[in-house]
There are 2 protein chains.
Amino acid sequence: MDPHLLHTYVTVARLSSFSAAARELGYTQSAVSQHIAALEHDLGMSLLNRRPVTPTRAGERLLEHAGSLLLRLDAARADLTRLAGEPATALTVVASPLAVRPETLAALPVSRATLRVQPREDIPAAVATGAADLGLVDGLAAPSDPLRLPDVAPLTATGVAEEPVAVVLPDGHPLARRRGLRLADLVDARWLDAPDAGLPLEQLRAATGAARGFRPALRYEGTDIRTLLALAAAGLGLTLLPHALAPADGALAVPLTEPRLVHRTELLHTGVLRGSAEGLAERMRSRI
Amino acid sequence: MDPHLLHTYVTVARLSSFSAAARELGYTQSAVSQHIAALEHDLGMSLLNRRPVTPTRAGERLLEHAGSLLLRLDAARADLTRLAGEPATALTVVASPLAVRPETLAALPVSRATLRVQPREDIPAAVATGAADLGLVDGLAAPSDPLRLPDVAPLTATGVAEEPVAVVLPDGHPLARRRGLRLADLVDARWLDAPDAGLPLEQLRAATGAARGFRPALRYEGTDIRTLLALAAAGLGLTLLPHALAPADGALAVPLTEPRLVHRTELLHTGVLRGSAEGLAERMRSRI
DNA sequence: TCTTCTTACGCTCGGCGTAAGTATC
DNA sequence: GATACTTACGCCGAGCGTAAGAAGA
């Protein structure tokens, strides 16, 4: 289970080809073949079917492990080199779309800073591997509860904002006149599936305790909130947003009353903040 | 960052000695020295001070990563070999002390089963590495919320029980006559610190959102609930227990009313259940 | 001086590339 | 027969042990 072999394995599995993986990794195709053979011998089982190249049952399972394993390895190395490295003068902040709010940005320094908006699930990894100095993630949670983030590495999370959430409904929708809505009543509705821009349906299911429900209607892959609002206004499905963000032409936002959920934003860092990052994090925390 | 080197490193750090680590690992002491040198060279920094052998700042940090890294590696290998291996006839169940309740045990088969009670924090690792087939963990959570478990590996968790919690107070305690207590009012009290037997104070802090408070009075290291109750009855500190477990001579249990917390028990497994384990898990789930 | 870690050195084995082999489309 | 993975084989370097060296107690 040498990480090198693991890395080769995930590459082969991703590209469904030994030779393509060899090109990408800078090995000969023979070496890749030997890597896979070594890994299969080590584990005592076949991992890939050949022609076409596709993971076996055990191979599928290994992929689940290998991803986070390699990520953690990267994170560990990045963390250590960061500890030893120079204090950075530039600052990179990654944020999920809904985590970018005036209040959170007010503390951002104007110069020598980069803001990158990425899908929510990539934020912790970006901070852990050192691709960014700070991360801003958002999600649904019970009031004053921390977010449930995948632990790729020991990261420090601080809550920086909590705000009420609302259901976005098209103007003519029968429920649009209500003063408040209960999530449990909307389990069987059609929802927009926009994991990158909006809130993953999985989080709604977790919040209500329902294993099923919240059927996806249209899937939107992208990080633009305006598009998401337009889709909701067009009646293509429901979506949940922070109340302050929800108003849009042709749509109404109805507060969510039950369960008591908030849209929470957290600031993520490794605890080893260098130079300007430290001051910024401090400022953000105190501000909110 | 070869896992072999990492393994050597954590062993040296734990034993504070190159030669002792060499004995334990079956290497010569020279090889251990070379391992550490290779790792330090690879990362470009010193990890250990010599004479006495103690981790540097970077070394400390590496230890935090290395533990979970090696654990995940073990878990991955165990998971795969389990997938391929024979269906086991015997069954091993690990449980944290408070997860062992009549209701959860009623489904346990009488023969060919081993029950092992361990500190709460070791349960997920034991299941992930295949040391046990099933795990029973308990903890505090909001009603119908899942427990926050460290994710050493992709484990499947199913809730099997939820019950009210109570504060255990000695008979004469001024608060003992109350009908209900709010956790926020007890932040400044002295608490028993019994992470293995009772509920870790850290979970109380997380539940109330208080970063501080819940000062530990006496620390009890052990897994026996009766001892914990005796300590509480003797007035050495407060503790929180499932209400049904709380009554003891010289102590009273007062229900916790705010925040709305439950004592939750979850069944843990890898999803690859073999033989009798599968039937058992099914029985437990349906039972509760 | 004894203990403990480091360095030198030689040997062996692992891992890579070249090239030939084999199987599938 | 072309494409794509496997196997054979030789070379180089990584990693181990033996043994000598250095440094702290």
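Lettering of chains follows the sequences in order, A, B, ..., and the numbering in each one begins at 1. In this text, all values refer to a predicted model and were calculated from it rather than measured experimentally.
Between A:Leu218 and A:Leu231 the shortest heavy-atom distance is CD2-CD2, 3.9 Å. Considering all non-hydrogen atoms of both residues, B:Leu136 and B:Ala99 come closest at O-CB, 3.4 Å.
Pairs engaging residues 17-46 of chain A under the ring pair (Phe, Tyr, Trp, His ring centres under 6.0 Å) rule: A:Tyr27-A:His35 [sequence neighbours left out].
Straight-line distance from the CG atom of B:Leu39 to the P atom of D:dG15: 12 Å, rounded to whole Å. To the nearest angstrom, C1' of D:dA4 lies 11 Å from CZ of A:Arg23. Spacing between atom CD1 of B:Ile36 and atom P of C:dT7 amounts to 13 Å, rounded to whole angstrom units. Spacing between atom CD of A:Glu40 and atom C1' of D:dC5 amounts to 12 Å, rounded to whole angstrom units. The nearest whole Å value for the distance from the CG atom in B:Asp42 to the C1' atom in D:dG15 is 15 Å. Taking atom CG on B:Leu25 and atom C1' on D:dG17, their separation rounds to 16 Å, with Å as the unit.
Looking at B:Tyr220, its side chain never comes within 3.5 Å of a backbone N or O of B:Gly198 through a donor-acceptor pair.
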Protein-to-nucleotide contact annotation, 5' to 3' order, nucleotides 12-25 of chain C [B base; S sugar-phosphate only; - none; under 4.0 Å, heavy atom]: ----BBBB---BB-
Pair B:Arg205-B:Glu202, salt bridge (charged side-chain N to carboxylate O under 4.0 Å, His left out): steps then yes or no: CA-CA 5 Å; B:Arg205 294 196 194 99; B:Glu202 202 44 62; 3.0 Å; yes
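A:Asp79 has a carboxylate O that lies under 4.0 Å from a charged side-chain N of A:Arg82, or vice versa, which qualifies the two as a salt bridge.
Proximity of A:Ser19 to the phosphate of D:dC5: a side-chain N or O atom is located under 4.0 Å from OP1 or OP2.
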